[in-house]
Amino acid sequence: MYNLVYKSIAKTLSTSQINEILVKSRDFNSKHDITGCLIYHEGVFIQYLEGGSKDVLYLFERIKVDDRHYEVKLLSNGNIYSREFDTWSMAFLSEEIPNEAFEYIKLMVSSNDGEDEDMSVIPNPTTKKFWLAVKNLVIRLKHKT
Ligand SMILES: Cc1cc2nc3c(=O)[nH]c(=O)nc-3n(C[C@H](O)[C@H](O)[C@H](O)COP(=O)(O)O)c2cc1C
């Protein structure tokens, strides 16, 4: 079992284009036993993927050349013993459209405000990197005027 997290900059995308990515991803990922989470907020994507290394790396090669985003930057990757996400999910990180996923993410990143090293409940470095990147995005969001 293998996981990775990357960050990228989205091109200007409509809600239906985002939806297209989501529908396609759910179909492909469930067929290939890939789980994870895609965060999209104000033009930034952060995606966490986990599954068999061949499947995840093959998918990542396709994602990297997708022209709906650019500056795809791998933040962390490695081998894992078990999954962190049971299902594929996509969260829209937006204060304007509050939703359950966003509330959950806020809870995840605020529970250890100012204590980055106290993320010991999340054992995997790639998962840790994912939550830290999401946390940065949320903090940026909070401090906006
Ligand atoms: C930010 C982002 C995340 C994506 N995540 C996935 C994903 O998790 N699973 C997936 O099958 N496609 C995902 N895609 C779509 C792929 O890049 C690609 O379009 C899709 O695999 C279809 O490839 P194909 O046109 O070669 O069939 C994502 C695209 C973007 C821009």
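Read the numbers this way: they start at 1 and go in the same order the structure lists the ligands and their atoms.
Taking the six-membered ring where tryptophan is involved, the planes of Phe130 and Tyr48 are tilted, since the angle between them lies from 30° to 60°.
Side-chain atoms of Thr35 come within 3.5 Å of backbone N or O of Phe85 as a donor-acceptor pair. Using modelled atom types, no side-chain atom of His69 and backbone atom of Lys7 make a donor-acceptor pair closer than 3.5 Å. No side-chain donor-acceptor contact under 3.5 Å links Lys64 to the backbone of Val72. Not one N or O on the side chain of Glu84 forms a donor-acceptor pair closer than 3.5 Å with the backbone of Thr127.
Interface of Arg68 with ligand 1, defined as ligand atoms under 4.0 Å from a residue heavy atom, comprises 15 (C), 19 (O). Below 4.0 Å from some heavy atom of Phe28 lie the following atoms of ligand 1, by number and element: 11 (O). Interface of Asn29 with ligand 1, defined as ligand atoms under 4.0 Å from a residue heavy atom, comprises 7 (C), 8 (O), 9 (N), 10 (C), 11 (O).
The residue from Lys31, Lys7, Gln47, Glu20 that puts a heavy atom closest to atom 4 (C) of ligand 1 is Gln47. Between atom 2 (C) of ligand 1 and the options Tyr58, Tyr6, Tyr48, the minimum heavy-atom separation is to Tyr6.
For a threshold of 3.5 Å applied to N or O pairs, the pair formed by His69 and ligand 1 contains no separation below that value.
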Quick one, Lys31 with Asp27, criterion salt bridge (Lys or Arg N to Asp or Glu O under 4.0 Å). Give me CA distance, side-chain angles, the key distance, then yes/no. CA-CA 6 Å; Lys31 277 181 191 148; Asp27 180 52; 3.2 Å; yes
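A cation-pi contact, defined as under 6.0 Å to the ring centre and within 45° of the axis, is absent between Arg68 and Phe45.
The side chain of Asp66, and not its backbone, has at least one atom closer than 4.0 Å to an atom of ligand 1 (non-hydrogen atoms only; side chain from C-beta on). In Val65, neither the side chain nor the backbone holds a heavy atom less than 4.0 Å from any atom of ligand 1. Under 4.0 angstrom from ligand 1, there are no non-hydrogen atoms of Tyr70.
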